[in-house]
Amino acid sequence: MASSHSSSPVPQGSSSDVFFKKEVDPTKHIRPVQSLPDVCPKEPTGDSNSLCVTPSLVTDQNRWTIYHSKVNLPAALNDPRLAKRESDFFTKTWGLDFVDTEVIPSFYLPQISKEHFTVYQQEISQREKIHERCKNICPPKDTFDRTLLHTHDKSRTDLEQVPKIFMKPDFALDDSLTFNSVLPWSHFNTAGGKGNRDAASSKLLQEKLSHYLDIVEVNIAQQISLRSEAFFHAMTSQHELQDYLKKTSQAVKMLRDKIAQIDKVMCEGSLHILRLALTRNNCVKIYNKLKLMATVHQTQPTVQVLLSTSEFVGALDLIATTQEVLQQELQGIHSFRHLGSQLCELEKLIDKMMIAEFSTYSHSDLNRPLEDDCQVLEEERLVSLVFGLLKQRKLNFLEIYGEEMIITAKNIIKQCVINKVSQIEEIDTDVVMKLADQMRMLNFPQWFDLLKDIFSKFKIFLQRVKATLNIIHNVVLSVLDKNQRTRELEEISQQKNAAKDNSLDTEVAYLIHEGMFISDAFSEGELAPIVVDTTSQRNASPNSEPCSSDSVSEPECTTDSSSSKEQTSSSATPGGVDIMVSEDMKLTDLELGKLANNIQELLYGASDICHDRAVKFLMSRAKDGFLEKLNSTEFITLSRLMETFILETEQICGRKSMSLLGALQSQANKFVNRFHEERKTKLSLLLDNERWKQADVPAEFQDLVDSISDGKIALPEKKSGATEERKPAEVLIVEGQQYAVVGTVLLLIRIILEYCQCVDNIPSVTTDMLTRLSDLLKYFNSRSCQLVLGAGALQVVGLKTITTKNLALSSRCLQLIVHYIPVIRAHFEARLPPKQYNMLRHFDHITKDYHDHIAEISAKLVAIMDSLFDKLLSKYEVKAPVPSACFRNICKQMAKMHEAIFDLLPEEQTQMLFLRINASYKLHLKKQLSHLNVINDGGPQNGLVTADVAFYTGNLQALKGLKDLDLNMAEIWEQKR
């Protein structure tokens with residue numbers, strides 16, 4: 001409200017002295033004119049006070065001052081993270097640690113004292129005096145007269161009589177409601193004979209409104225009277241302000257004239273030179289741009305030329321550099337708006353062309369004649385294709401090569417079978433249509449030659465695959481090595497740049513003119529020749545062609561970007577082809593390492609493919625049981641061929657494939673089963689027909705045993721002619737000992753040697769052969785026990801009885817087998833892996849079983865004589881004649897026993913056996929003498945018994961080999977009590 005503010009009276013006579021003190025004393029308050037700064041206004045020079053206090057049209061009007069601050073102190077000091085408010089007014093919003101934290105004085109702020117305010121006090125003292133004088137002239141509101149307050153209250157009371165509608169800010173008589181409320185129509189209605197009364201009411205309304213107007217006018221006049229002094233002061237100061245503005249305008253005009261002169265004298269020439277330099281640099285840039293555009297315009301024809309010669313890498317490099325130039329140096333060129341998309345489509349086309357070219361190369365490389373000596377077909381072409389595919393991240397080319405390997409392996413087998421079948425006249429291809437059926441008609445030698453031919457072709461095939469994959473692997477490793485070296489160089493350059501940046505302190509002066517810097521204006525002019533040189537160096541490319549007649553002599557004909565100068569390094573493959581490795585490879589070290597592993601896995605896969613195809617070929621021939629019908633020699637020959645192929649492929653590819661090895665093991669297991677069943681059946685038939693009589697030993701069996709004695713467990717070669725001249729021997733001599741054997745044992749020895757030789761020929765069946773041989777030895781032991789000790793030969797062969805000679809011969813045969821068990825064990829132990837040594841315990845069990853069997857046979861022989869002694873001595877009577885008939889029969893039976901076993905058993909065993917028989921004899925004799933009450937008393941009966949015993953002893957010791965036998969016949973007499 002205007003009434004709420006009061007202005008102090010202003011004296012008229014001294015107004016110019018009070019408010020325009022600076023004009024009165026210009027030498028004191030008007031500062032001298034400062035020289036214009038010669039640098040950017042953002043970095044002003046001269047007296048800072050003059051620039052901050054006095055207004056200036058030259059200085060930057062947008063410079064920030066303290067008056068631009070928009071944040072109030074409570075907002076800046078308020079901490080919303082406080083859990084509670086502090087009671088102290090000054091610290092309650094300053095944070096938790098503000099009071100306790102000691103503020104360290106700043107080293108950059110000076111210590112302020114009263115002397116620093118001395119100049120300010122001197123300058124403000126004059127203003128303070130003027131302020132005090134104004135206070136005396138214009139007293140405050142509290143000093144006004146009470147009459148003014150009374151008048152003010154009266155005027156307010158009068159104003160309250162005026163209706164509120166007249167005080168509304170939106171009061172307007174054109175509003176019908178407002179008009180009707182101010183001038184009701186009832187005061188203007190003259191109908192019904194009430195004219196005089198309505199006229200009176202209208203007159204009364206007019207007087208009321210006039211009264212309201214008078215009240216408002218009086219209040220307005222009163223308000224004007226209260227502020228009359230301020231109006232007079234404003235009118236007076238208006239003229240002074242006009243004079244001051246006039247002088248200011250003149251100063252500004254003078255300043256502008258001086259600035260124009262300075263600009264004309266000092267700046268126009270220099271700026272014109274800078275404009276010319278900029279114009280020249282712009283012309284050079286435009287010229288270079290035009291030449292670059294002409295070069296880019298020739299990109300597509302150049303790419304077509306490169307693709308016609310299968311230079312995929314050069315075409316891709318050209319496309320990449322052209323796209324980079326379009327994005328960085330020719331961006332926004334309207335004529336090239338479609339070139340980028342065209343190059344992208346061309347790049348996709350090149351990708352398809354490279355994949356198709358690689359597929360064609362793979363087919364040509366793998367399907368060329370296997371008799372060629374060249375390992376790698378067109379090595380340069382392969383390197384270029386692989387490098388282009390790596391550049392485009394087309395890593396699935398290995399899958400294409402793998403599929404081609406599978407097809408080639410199938411074709412190799414098919415072609416070999418066709419060639420072999422065509423050479424056999426017995427096979428009518430018109431009758432037998434299927435190739436597999438034709439192959440099954442081959443006999444073993446023909447089929448074996450076919451398999452050997454397939455293996456040889458597979459070997460050459462794997463060598464070619466390995467050579468090709470080695471070239472690809474070397475390319476990948478070269479790219480990986482280049483990436484690592486580039487990364488190391490970048491790290492070294494970054495370290496050097498960091499050190500260089502830390503050591504430099506540059507000062508750049510700016511000139512605001514057409515948005516250019518002075519440093520840019522000069523550096524553009526200095527760097528223009530360098531740009532041209534780098535452009536010419538960059539555009540010199542062996543793949544470039546002349547762009548136009550104007551650029552034939554210029555070296556700028558390729559689209560290499562200056563920001564991406566591609567550096568290449570060369571490395572050589574084992575074949576001598578240089579590999580150019582660029583730095584714009586998009587593959588990471590992890591991807592390259594994975595790709596190298598995939599290449600190695602592909603080589604392993606090639607070996608697996610060959611083995612799988614060989615297994616299928618093998619199984620197709622084995623459908624009619626052909627492989628199971630092979631004899632030992634044929635199967636061993638086949639096994640050795642397959643093992644040789646497995647070893648050769650392992651040497652080529654570095655890993656053993658298991659499919660063919662598994663098939664060989666499966667066939668070997670079938671062969672072992674059939675081998676064992678045949679030998680076991682043969683042994684069973686021999687035992688069932690064995691009459692347990694001593695057989696002559698042919699010379700070949702003696703040679704067989706002699707070869708075992710020399711440490712060679714193998715079947716000796718048959719000697720034609722020499723064997724027929726040598727007569728068979730009665731016994732088998734083994735390491736100086738004679739063994740009387742039956743024919744079955746001789747054949748069993750040969751069978752055992754066949755098992756051992758089979759292990760040597762097929763090492764993979766060692767464990768199975770050990771188990772089967774153990775089963776065979778157990779079977780011989782148990783079956784011979786049934787036939788001899790169990791008297792099974794009586795029914796099987798038709799023997800009348802099992803004689804002591806049969807028993808002794810059986811025991812000697814068992815002893816021969818026991819003699820060879822340690823040799824067999826050592827043979828298998830040398831061929832078993834250490835983790836399977838526990839299988840050798842089977843031989844320990846077999847040895848124990850054989851010893852138990854031999855002991856049972858010895859016990860059986862003793863039991864035969866024991867029953868004889870019991871029968872004869874139970875009828876013994878001590879009477880003449882001497883020797884008695886009983887002792888004569890005993891000596892006769894003992895002589896028969898000796899005659900039966902002496903030629904069969906060794907002398908030591910014979911002596912041990914007769915000692916046991918003698919012990920049985922003494923036991924029965926002692927029992928009979930005790931029954932007859934004959935004692936060693938020197939009487940007649942004692943003499944008769946002594947004579948009979950002497951006869952028995954003499955006859956027994958007279959037998960061959962029993963002369964030194966200690967019979968100790970004194971044990972027949974009971975000890976005297």
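Keep in mind that this is a model prediction, so the values were computed, not measured.
- Residues Ile762 and Met769 fail the side-chain proximity criterion, which asks for heavy atoms closer than 4.5 Å.
- Few gaps surround NZ on Lys680; more than 12 heavy atoms of other groups in view lie less than 6.0 Å from it.
- In this structure, a donor-acceptor pair under 3.5 Å is present between the side chains of Gln815 and Ser811.
- Annotation: side chain of Thr767 is not in contact with side chain of Phe828 (no heavy-atom distance under 4.5 Å).
- Aromatic ring orientation, His819 versus Tyr739: tilted (interplanar angle from 30° to 60°).
- Within 6.0 Å of the CD atom in Gln836, the count of heavy atoms belonging to other residues, nucleotides or ligands exceeds 12.
- Between Lys616 and Asp612, none of the side-chain N atoms (NZ, or NE/NH1/NH2) sits under 4.0 Å from a carboxylate O, so this pair counts as no salt bridge.
- When each of Leu809, Asn781, Asp849 is checked for a side-chain contact (heavy atoms from CB on, under 4.5 Å) with Leu814, only Asn781 meets the rule.
- Considering every non-hydrogen atom in both Lys457 and Ile412, the closest pair reads CB-CG2, 3.7 Å.
- Summarising the local packing, NZ of Lys922 is surrounded by more than 12 heavy atoms from other residues, nucleotides or ligands at distances under 6.0 Å.
- Listed here is the closest heavy atom pair of Glu730 and Val697: O-CG2, 4.3 Å.
- Glu754 has a carboxylate O that lies under 4.0 Å from a charged side-chain N of Arg679, or vice versa, which qualifies the two as a salt bridge.
- Screening Ile917, Thr910, Leu868 for a side-chain contact (heavy atoms from CB on, under 4.5 Å) involving Met897 leaves a single residue, Ile917.
- Counting non-hydrogen atoms of other residues, nucleotides and ligands closer than 6.0 Å to CD of Gln738 gives a total of 12 or fewer.
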Under the side chain to side chain donor-acceptor pair (under 3.5 Å) criterion, do Ser657 and Tyr604 qualify, and how do the steps go? CA-CA 8 Å; Ser657 297; Tyr604 298 154; over 6 Å; no

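- Lys682 has no carboxylate O lying under 4.0 Å from a charged side-chain N of Glu678, or vice versa, which leaves the two without a salt bridge.
- With a 6.0 Å radius and a threshold of 12 heavy atoms from other residues, nucleotides or ligands, Glu899 has its CD atom at or below the threshold.
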Would you check, one step at a time, whether the test side chain to side chain donor-acceptor pair (under 3.5 Å) holds for Gln665 with Asn669? CA-CA 6 Å; Gln665 186 65 39; Asn669 292 335; 3.3 Å; yes

Begin with the C-alpha distance, continue with both residues' side-chain angles, and end with the deciding distance and a verdict on side chain to side chain contact (heavy atoms under 4.5 Å, CB included) for Ser639 and Leu664. CA-CA 7 Å; Ser639 176; Leu664 176 61; 3.9 Å; yes

Would you check, one step at a time, whether the test side chain to side chain contact (heavy atoms under 4.5 Å, CB included) holds for Arg772 with Phe675? CA-CA 9 Å; Arg772 302 300 193 281; Phe675 179 88; over 6 Å; no

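- Ring geometry, Phe617 versus Trp447: the interplanar angle falls under 30°, so the pair is classed parallel (tilted spans 30 to 60°).
- Heavy-atom minimum distance, Val797 versus Glu690: CG2-O, 3.2 Å.
- In this structure, Asp449 contributes its side chain and Gln446 its backbone to no donor-acceptor pair below 3.5 Å.
- Across all non-hydrogen atoms, the minimal contact from Gln702 to Ile733 is NE2-O, 2.9 Å.
- A salt bridge does not link Lys727 with Asp696: none of the charged nitrogens is closer than 4.0 Å to a carboxylate oxygen.
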So Arg841 and His845, side chain to side chain donor-acceptor pair (under 3.5 Å) or not? Walk me through it. CA-CA 6 Å; Arg841 68 181 186 276; His845 298 160; 5.3 Å; no

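- Ring geometry for Phe458 against Phe645 counts as tilted: the plane angle lies between 30° and 60°, on a 0 to 90° scale.
- You'll find the side chain of Ile846 reaches within 4.5 Å of the side chain of Tyr850, heavy atoms only.
- Minimum heavy-atom separation, Ser858 to Leu913: O-CD1, 3.9 Å.
- Aromatic ring centres of Phe951 and Phe887 lie farther apart than the 6.0 Å criterion allows.
- What you find for Leu840 and Arg825 is that their closest heavy atoms are O-NH1, 3.0 Å.
- In this pair, His898 and Phe902 present their aromatic rings parallel. The plane angle is below 30°, not in the 30 to 60° band.
- Under a 4.0 Å N-O distance rule, the pair Asp903/Lys805 does not qualify as a salt bridge.
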